[in-house]
Participant: 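The structure follows.
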Amino acid sequence: MKVATYEGFAELETKGWSDDTISSGYVTMFSEASDMAIPSIVSQVGSNSRVLDICCGQGNVTEALANTGHTVTGADFSAKMLAHARERFPSVDFIEADAQDLPFEEGSFDGVVCSFGLMHVPDQPQALSEIRRVLKPNGQFIMTSWCGPDVSPVFQVFYSSVQEHGDPSVTMPDSPNFHQFANEEAAMSILSDAGFDVETQQQIDCFWILDSPEALAEIFQKGAPRGGYLLSQQPEANNLAIKAAVAEKVRERFGHGDKWKAPLPASLIVARAN
Ligand SMILES: C[S@@+](CC[C@H](N)C(=O)[O-])C[C@H]1O[C@@H](n2cnc3c(N)ncnc32)[C@H](O)[C@@H]1O
């Protein structure tokens, strides 16, 4: 069987997370929604645990775990994201590491957390195998991912606008399905193949409160490697048409007083190494 290597996707992700605009845009704009998953994540972690937070980014989850009494290490492959983490939370331990090749001994952690990270990794079976290796027997794995357009209003608006107004020659490199871990059956199958039992999967309400209808496309263009790629590769006329369509749909669907409330539900999985 041919194993996909997703080289173009790996390059897009590596470039994206080392880009000043994308890394800062994620921290200042996108993560307003990601941060809403933190209380649910923290509430699931067993007490007094030694925890690894992989794809830790700006250290939002790492810091919350440190503040609730856990011994925690944050790991991320992006020096730019780690610079944000170290500046924001100087007392927390952060290291540069790829999720597909973790620099830890077997059985080092009671728990591993990966919040909105695994969908950015090209070789997910390899990353899951590394997570299982560094976990103690029966260790806990907690992850979050974004629900897909079947349930997520924000992703419905964004993808449909790109489909309607994008230049058909602009395509994403092959990659694992970005939303697959939000699908119970797919998540169960991938995690079970990797040696985990899924204990619970729940939906979490995350959203952005936007100051203007135009802000949604800006978050995707400036705060996400895939969104940035998909918009910045468009000819200008298509780029403008997509943004206008996104803004129109935000106006129609997300009005909230003098602001716009844009929902992007997340999926939280708690699993255990078997
Ligand atoms: C969407 S951000 C999530 C940040 C943070 N965990 C949160 O919940 O907001 C994804 C993070 O995964 C990191 N990342 C992507 N691919 C990675 C890989 N192969 N190994 C380690 N980190 C990776 C990126 O650098 C980025 O910081």
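Remember, predicted model here, so these are calculated numbers, not experimental data. Both backbone and side-chain heavy atoms feed into the values below; hydrogens, waters and symmetry mates do not. As the structure lists them, so they are numbered: ligands from 1, and atoms in each ligand from 1.
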Participant: I need the single residue from L216, V154, V162 that forms a side-chain contact (heavy atoms from CB on, under 4.5 Å) with V246. Which is it?
Facilitator: L216
Participant: Does G59 come within less than 4.0 angstrom of ligand 1, counting non-hydrogen atoms of the residue?
Facilitator: no
Participant: Got the closest protein heavy atom to atom 12 (O) of ligand 1, with its distance?
Facilitator: C55 CB, 3.2 Å
Participant: Could an N or O of ligand 1 be found under 3.5 Å from any N or O of D98, whether backbone or side chain?
Facilitator: yes
Participant: Does at least one non-hydrogen atom of Q100 fall below 4.0 angstrom from an atom of ligand 1?
Facilitator: yes
Participant: Indicate whether the side chain of Q221 and that of S232 have a donor and an acceptor atom separated by less than 3.5 Å.
Facilitator: no
Participant: Going by the atom numbers of ligand 1, which of them fall below 4.0 Å from some non-hydrogen atom of Q58?
Facilitator: 4 (C), 5 (C), 9 (O)
Participant: Taking side chain to side chain donor-acceptor pair (under 3.5 Å) as the cut-off, I'd like each qualifying pair that reaches into residues 146-159, sequence neighbours left out, listed once.
Facilitator: Q156-R253, Y159-H179
Participant: Look at the side chain of Q233 and the backbone N and O of T171, then say whether any donor-acceptor pair between them is shorter than 3.5 Å.
Facilitator: no
Participant: Considering only protein heavy atoms, which is closest to atom 27 (O) of ligand 1, and at what distance to one decimal place?
Facilitator: D76 OD2, 2.7 Å
Participant: May I ask you to identify the nearest protein heavy atom to atom 1 (C) of ligand 1, giving residue, atom name and distance to one decimal place in Å?
Facilitator: F116 O, 3.1 Å
Participant: Does ligand 1 have any atom that is closer than 4.0 Å to a heavy atom of K80?
Facilitator: no
Participant: Could you name the option among I54, N60, T14, V27 that has the heavy atom nearest to atom 7 (C) of ligand 1?
Facilitator: N60
Participant: Can you check whether D123's main-chain N or O pairs, donor with acceptor, with Q100's side chain at less than 3.5 Å?
Facilitator: yes
Participant: Okay, side chain of D110, backbone of S49: is any donor-acceptor separation there less than 3.5 Å?
Facilitator: no
Participant: May I ask you to decide if L118's main-chain N or O and Q124's side chain share a donor-acceptor pair within less than 3.5 Å?
Facilitator: yes
Participant: Could you find the nearest protein heavy atom to atom 8 (O) of ligand 1 and give me its residue, atom name and distance?
Facilitator: S115 O, 3.2 Å
Participant: State whether the side chain of Q201 and the backbone N or O of F181 hold a donor-acceptor pair below 3.5 Å, judged by distance alone.
Facilitator: yes
Participant: Can you name the atoms of ligand 1, numbered from 1 with element, that are less than 4.0 Å from a heavy atom of S78?
Facilitator: 25 (O)
Participant: Considering the heavy atoms of A99, write down every atom of ligand 1 situated less than 4.0 Å from one of them.
Facilitator: 18 (C), 20 (N), 21 (C)
Participant: Which ligand 1 atoms, with their elements, are less than 4.0 angstrom from a heavy-atom of M81?
Facilitator: 25 (O), 27 (O)
Participant: Provide, to 0.1 Å, the distance between atom 9 (O) of ligand 1 and the closest protein heavy atom, together with that atom's residue and name.
Facilitator: Y26 OH, 2.7 Å
Participant: When you look at CD of E164, are more than 12 heavy atoms from neighbouring residues, nucleotides or ligands closer to it than 6.0 Å?
Facilitator: yes
Participant: With a 4.0 Å heavy-atom cut-off (strictly under), which part of A97 contacts ligand 1: side chain, backbone, both or neither?
Facilitator: backbone
Participant: Please write down residue, atom name and distance for the protein heavy atom closest to atom 16 (N) of ligand 1.
Facilitator: F77 CZ, 3.3 Å
Participant: Does R251 reach the main-chain N or O of P213 with its side chain, forming a donor-acceptor pair under 3.5 Å?
Facilitator: no
Participant: To the nearest 0.5 Å, what is the distance between CZ on F89 and CG on N67?
Facilitator: 8.5 Å
Participant: Is it the side chain, the backbone, both or neither of C114 that has a heavy atom closer than 4.0 Å to ligand 1?
Facilitator: neither
